[in-house]
Amino acid sequence: MDGEIDALVIGAGFAGLYQLHSLRDRLGLSTRLLEAGGDLGGTWYWNRYPGARCDSESHAYRYFFSKELNEEWEWSERYPGPPEILRYLGRVAEKFDLRRDMRFGCRVVSARYDEGANRWRVQTDAGERYAATYLVAAVGCLSSANVPDIPGLRDFSGQWFHTGRWPHQGVDLAGKRVGQIGTGSTGIQAAPAIAQVAAQLTVFQRTATYSVPARNGALTPEFNRWVRENHAEIRAVAQSTPNGHAFRIADRNVADVAPGEREAIYAAAWEKGGLQFRATFRDLLLDPAANDTACEFIKRRIRAIVRDPEAARALSDVDHPYATKRPPIDTDYYETFNRDNVTLVDLRADPIERITPRGIRTRSREHVLDVIVFATGYDAMTGALLAIDIRGRDGRALREDWRAGPHTYLGLQVAGYPNFFTITGPGSPSVLTNMPVAIEQHVEWITDCIAHLRANGIEAIEPDPEAVRAWDAHVAEAANATLLSKAKSSWYYGANVPGKPRVFMPYAGGLARYRKMCAAIAAKGYEGFILGKAGERAVTAARSGSIDALAAARGVGV
Ligand SMILES: Cc1cc2nc3c(=O)[nH]c(=O)nc-3n(C[C@H](O)[C@H](O)[C@H](O)COP(=O)(O)OP(=O)(O)OC[C@H]3O[C@@H](n4cnc5c(N)ncnc54)[C@H](O)[C@@H]3O)c2cc1C
Ligand SMILES: NC(=O)c1ccc[n+]([C@@H]2O[C@H](COP(=O)([O-])OP(=O)(O)OC[C@H]3O[C@@H](n4cnc5c(N)ncnc54)[C@H](OP(=O)(O)O)[C@@H]3O)[C@@H](O)[C@H]2O)c1
């Protein structure tokens, strides 16, 4: 056995770093972190594509657990790019001396619960073995790259890259004919940057989306001083809003204001830029008529920017309500289609038939290309977990248990997999939030939970299957109470990966409400969880039929 430890953490992004620090330095557990990539950073280690940048505003895209860390760190831009985020996470690792317990270039391939020993037996692709009492998956919701299986890719004579696996040394696109498939948050960032260097950029769009200007810029010393001096207040806002951002959602409905005022509110939000556009009215994701007004506003802006009428039509022909797919923000995305070297292909009208040795053939013609960029997203939320052969009690397999979709309690644990925790797992607010805030909450909940187990001589924790069923139902109910359920082509439903079960995966009830539920459940002795001796399955917590915190969670907000 290579490593006998108390806790093993998989993944070195925001989640894994803080989990390592918490278990090792707060609880004093021997803890190891394994990471498939060559260094820390997670998302920001892998995503080096042209134009890559955060959409969360930097003063909230950070940890809040250490005031000291925040006082000594200053962001330079409203939305940081990968190099700056990596410097930030590197500073975190240095400050808390994390690297000594991290292993890079180590992909976990299997994790098996040994009930007799109450240990997780974990193996890496290099054949290293670890045994740990607690296993924490911090593997990322958006870390398993989705390269669509388009016939002919192997025959392509040029180069191709997925944005989430972009070469760290960069790709020389100067003078090249580039084809970009995908116009989600990534594609919308990449296209303007690629167009500036490529000879020709062809953007292949399957589903049009709504993007709002980001309006990035350098932060002033005054703003940074304000951030330093208002650490507690910024944290309080981020932790008390449904999406974990450091801005509040306006306390008004669309119908509360006259059309002229509504237009002025949208115009001001468009000028200000960023995800705050979504916060202009509280009913945008609840009332179709309210949402229509935002859709119409953005569509009008698109048509006003894009000069070519056919491109303007295709870009504004959006088939879902605003923000029901993750809303992107951009820097000159629509303006890019006014360049002479950029062409839009509307795949709804002219679908891809195959990749040829020379490029991409759509129904109407062949597009000759030197490079194909797949901005085609991720096998989100479950992909990285199911890539590991995870076995719980009696050899049961997670891949089998989740064949029809993920089942969790609070997105934190799975029935039949004792002492296994998932950070921002399916069934938690996760990708519907500014993620570091959701990550911190999970890390702290898991750490407190393990502290409770150890203080009380409890060997194992796992959810009661009844609690999982109730939570599954509540996750579906929360999504259905919003317009999120209207975008069936969304990756929130797994719709971007052929064959993936169509289940709404994140919890749409809002982070603030969710935080309260998690805290209440812990305060009631981990209601809905089974706590006991490994192997005995003694139930010491209240059973799920009466999960008060869940019953109190009626009504949702996004
Ligand atoms: C391009 C892009 C931009 C984003 N921008 C924002 C934003 O503006 N705001 C926001 O809130 N969120 C954003 N996100 C979401 C982002 O993923 C989170 O903000 C955050 O970085 C997630 O951290 P994490 O630690 O949970 O996961 P990750 O950062 O994804 O880290 C998970 C790590 O686990 C490793 N791993 C996975 N499986 C294994 C295995 N079997 N063995 C070993 N290691 C493994 C991966 O290699 C990865 O390094 C963005 C995502 C993408 C893709
Ligand atoms: N700065 C940021 O905050 C930022 C930046 C990038 C990513 N992200 C996060 O990561 C998530 C994923 O973003 P993403 O843009 O990488 O992925 P995405 O939102 O899933 O978008 C993928 C794009 O590729 C298209 N596509 C997928 N398969 C295709 C196929 N076979 N043929 C043609 N088109 C295909 C999709 O079309 P359909 O819509 O038709 O499926 C979509 O336009 C975001 O939603 C966000 O949460 C954040």
Side-chain angles (χ1 to χ4, degrees), residues 9-19 33-49 51-58 60-61 79-82 85 89 103-111 122 124-125 137-150 162-164 180-190 204-209 214 243-245 275 319-320 325-330 347-348 351-352 374-378 380 383-385 387-388 423-424 430-439 442 487 489-492 495-498:
V9 178
I10 312 172
F14 268 87
L17 297 191
Y18 185 33
Q19 189 67 80
L33 184 154
L34 304 181
E35 164 58 53
D39 202 354
L40 55 75
T43 289
W44 307 103
Y45 171 84
W46 296 107
N47 281 270
R48 315 282 182 110
Y49 59 85
R53 195 167 279 288
C54 201
D55 278 0
S56 294
E57 297 190 41
S58 54
Y61 195 75
Y79 308 101
I85 302 174
L89 291 174
R103 303 280 177 274
F104 299 110
C106 255
R107 181 170 292 282
V108 171
V109 291
S110 68
V122 173
T124 71
D125 54 357
V139 293
C141 293
L142 297 159
S143 61
S144 179
N146 169 45
V147 178
D149 187 16
I150 301 173
H162 186 280
T163 50
Q180 175 188 306
I181 305 179
T183 56
S185 298
T186 297
I188 273 173
Q189 289 185 330
F204 296 88
Q205 172 190 277
R206 186 164 71 181
T207 307
T209 188
N243 296 104
H245 287 281
L275 292 170
D319 67 357
H320 52 275
K325 292 176 88 162
R326 205 291 204 161
I329 59 175
D330 68 275
L347 297 180
R348 296 269 164 114
I352 294 176
F374 287 94
T376 45
Y378 297 88
L385 286 168
I388 305 171
I423 301 181
T424 63
S430 58
V431 293
L432 297 177
T433 70
N434 171 43
M435 291 200 71
V437 178
I439 286 170
H442 265 191
S489 70
S490 156
W491 62 256
Y492 295 152
N496 60 327
V497 177

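Indexing begins at 1, ligand by ligand and atom by atom, following the structure's order.
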Counting only heavy atoms, tell me which of Tyr18, Tyr61, Tyr79 gets closest to atom 10 (C) of ligand 1.
Tyr61
Is the His162 to Tyr378 ring centre distance short of 6.0 Å?
yes
Compare every heavy atom of Leu275 with every heavy atom of Asp55, then report the nearest pair and how far apart it is.
O-CD1, 3.6 Å
Between Ser56 and Asn434, do the side chains contain a donor N or O and an acceptor N or O under 3.5 Å apart?
yes
Closest protein heavy atom (residue, atom, distance) for atom 21 (O) of ligand 2
Gly184 CA, 3.6 Å
Could you check whether any side-chain heavy atom of Arg326 comes within less than 4.5 Å of a side-chain heavy atom of Ser185, counting everything from C-beta outward?
yes
Got the closest protein heavy atom to atom 35 (C) of ligand 1, with its distance?
Glu35 OE1, 3.3 Å
Residue selection (non-hydrogen contact nearest atom 39 (O) of ligand 2) among Lys325, Gln180, Arg206:
Lys325
List every atom of ligand 2 that sits less than 4.0 Å from any heavy atom of Thr183, numbering the atoms from 1 in the order shown and giving each element.
23 (C), 42 (C), 43 (O)
Decide whether an N or O pair under 3.5 Å exists between Ser185 and ligand 2.
yes
Distance to 0.1 Å, residue and atom name: give those for the protein heavy atom nearest to atom 11 (O) of ligand 1.
Met435 N, 2.6 Å
Under 4.0 Å from a heavy atom of Cys54: which atoms of ligand 2 are those, numbered in the order shown and with their elements?
1 (N)
Trp46-ligand 1 polar pair, N/O distance under 3.5 Å:
yes
Just do the side chain to side chain contact (heavy atoms under 4.5 Å, CB included) check on Met435 and Thr43 with the steps written out, would you?
CA-CA 12 Å; Met435 291 200 71; Thr43 289; over 6 Å; no
Would you mind running through ligand 2 and noting each atom that sits below 4.0 Å from a heavy atom of Leu347?
33 (C)
Assess Cys106 for proximity to ligand 1: is some non-hydrogen atom of it under 4.0 Å away?
yes
Hey, are the side chains of Glu57 and Tyr79 touching, using non-hydrogen atoms and a 4.5 Å cut-off?
yes
Determine whether Glu35 and Arg103 satisfy the following criterion, side chain to side chain contact (heavy atoms under 4.5 Å, CB included), listing intermediate values before the conclusion.
CA-CA 6 Å; Glu35 164 58 53; Arg103 303 280 177 274; over 6 Å; no
Is there a donor-acceptor contact under 3.5 Å linking the side chains of Ser489 and Lys325?
yes
Contact summary for Asn47 and Pro82, nearest pair of heavy atoms:
O-CG, 3.3 Å
For ligand 2 and Gln189, I'd like to know whether there is a polar contact (N/O to N/O, distance under 3.5 Å).
yes
Among protein heavy atoms, which sits nearest to atom 3 (C) of ligand 1, and what does the distance come to when rounded to 0.1 Å?
Trp44 CH2, 3.5 Å
A student comparing Gly377, Gly51, Ala15 should find that the heavy atom closest to atom 24 (P) of ligand 1 comes from Ala15
Work out whether the distance between some heavy atom of Ala387 and some atom of ligand 1 is less than 4.0 Å.
no
Starting from atom 25 (C) of ligand 2, which protein heavy atom do you reach first, and at what distance in Å?
Gly182 CA, 3.7 Å
Which is closest to atom 3 (O) of ligand 2 by heavy-atom distance: Arg348, Arg326, Arg53?
Arg326
So that I know where these two stand, are Phe204 and Phe374 an aromatic pair - ring centroids less than 6.0 Å apart?
no
Protein heavy atoms: any of them under 4.0 Å from atom 26 (O) of ligand 1?
yes
Is ligand 2 less than 4.0 angstrom away from at least one heavy atom of Gln205?
no
Would you mind reporting whether Val431 and Thr424 have side-chain heavy atoms less than 4.5 Å apart?
no
Compute the minimum heavy-atom distance from Tyr49 to ligand 2 and say whether it is under 4.0 Å.
yes
Side-chain donor or acceptor of Asp125 paired with backbone N/O of Arg107 under 3.5 Å
yes
Taking atom 34 (O) of ligand 1 as the reference point, the nearest protein heavy atom with its distance:
Gly11 CA, 3.2 Å
Where do Gly16 and Ala138 come nearest, in terms of heavy atoms and distance?
N-CB, 3.6 Å
Nearest option to atom 50 (C) of ligand 1, as decided by whichever heavy atom of Asp55, Thr43, Asn47 sits closest:
Thr43
Below 4.0 angstrom from a heavy atom of Pro148, which ligand 2 atoms are there? Numbered from 1 as shown, please.
31 (N)
Distance from atom 44 (N) of ligand 1 to nearest protein heavy atom, with residue and atom:
Ala36 N, 3.0 Å
Near Thr207, which atoms of ligand 2 are under 4.0 Å from a heavy atom of that residue?
38 (P), 39 (O), 40 (O)
Any nitrogen or oxygen of Trp491, main chain or side chain, under 3.5 Å from a nitrogen or oxygen of ligand 2?
yes
Could you tell me whether a side-chain N or O of Asn146 sits under 3.5 Å from a main-chain N or O of Thr376, the two making a donor and an acceptor?
yes
Closest by any non-hydrogen atom to atom 14 (P) of ligand 2: pick that one out of Thr186, Ile352, Val431.
Thr186
Mark the output for Ile181 as yes if a heavy-atom distance to ligand 2 is under 4.0 Å, and as no if none is.
yes
Can you confirm, on distance only, whether ligand 1 has an N/O atom lying under 3.5 Å from any N/O atom belonging to Tyr49?
no
When you look for heavy atoms under 4.0 Å from ligand 1, do you find them on the side chain of Val108, its backbone, both, or neither?
both
Quick one: closest heavy-atom pair of Ala12 and Phe104, and the distance?
CB-CE2, 4.2 Å
Heavy-atom distances under 4.0 Å are what count here, so tell me which part of Ala138 touches ligand 1: side chain, backbone, both or neither.
backbone
Tell me whether ligand 1 is touched by Val109 - counting only heavy atoms on the residue side and a distance under 4.0 Å.
no
Just distances here: any N/O of Phe14 and N/O of ligand 1 closer than 3.5 Å?
yes
Decide yes or no on side chain to side chain contact (heavy atoms under 4.5 Å, CB included) for Ser110 and Val122, but give the supporting numbers first.
CA-CA 6 Å; Ser110 68; Val122 173; over 6 Å; no
Are any side-chain N or O atoms of Gln205 and backbone N or O atoms of Gly182, one a donor and one an acceptor, separated by less than 3.5 Å?
no
Nearest protein heavy atom with distance in Å, relative to atom 31 (O) of ligand 1
Gly42 CA, 3.5 Å
Check Tyr45 against Asp39 and note the closest heavy-atom contact, atom names and distance.
CE1-N, 3.4 Å
With only distance considered, is Ile439 within less than 3.5 Å of ligand 1 through an N or O on each side?
no
Which atom pair, heavy atoms only, marks the closest approach of Thr124 to Cys106?
CG2-SG, 4.3 Å
A student checking ligand 2 against Ala375 at a 4.0 Å heavy-atom cut-off should list atoms 22 (C), 23 (C), 24 (O)
Min side-chain heavy-atom separation Ile150-Ile181 under 4.5 Å:
yes
List the closest protein heavy-atom neighbour of atom 9 (N) of ligand 1: residue, atom name, distance to the nearest 0.1 Å.
Ser56 OG, 2.7 Å
Residue-ligand contact Ile388/ligand 1, heavy atom below 4.0 Å
yes
Identify the closest protein heavy atom to atom 9 (C) of ligand 2: which residue and atom is it, and at what distance?
Leu142 CD1, 3.7 Å
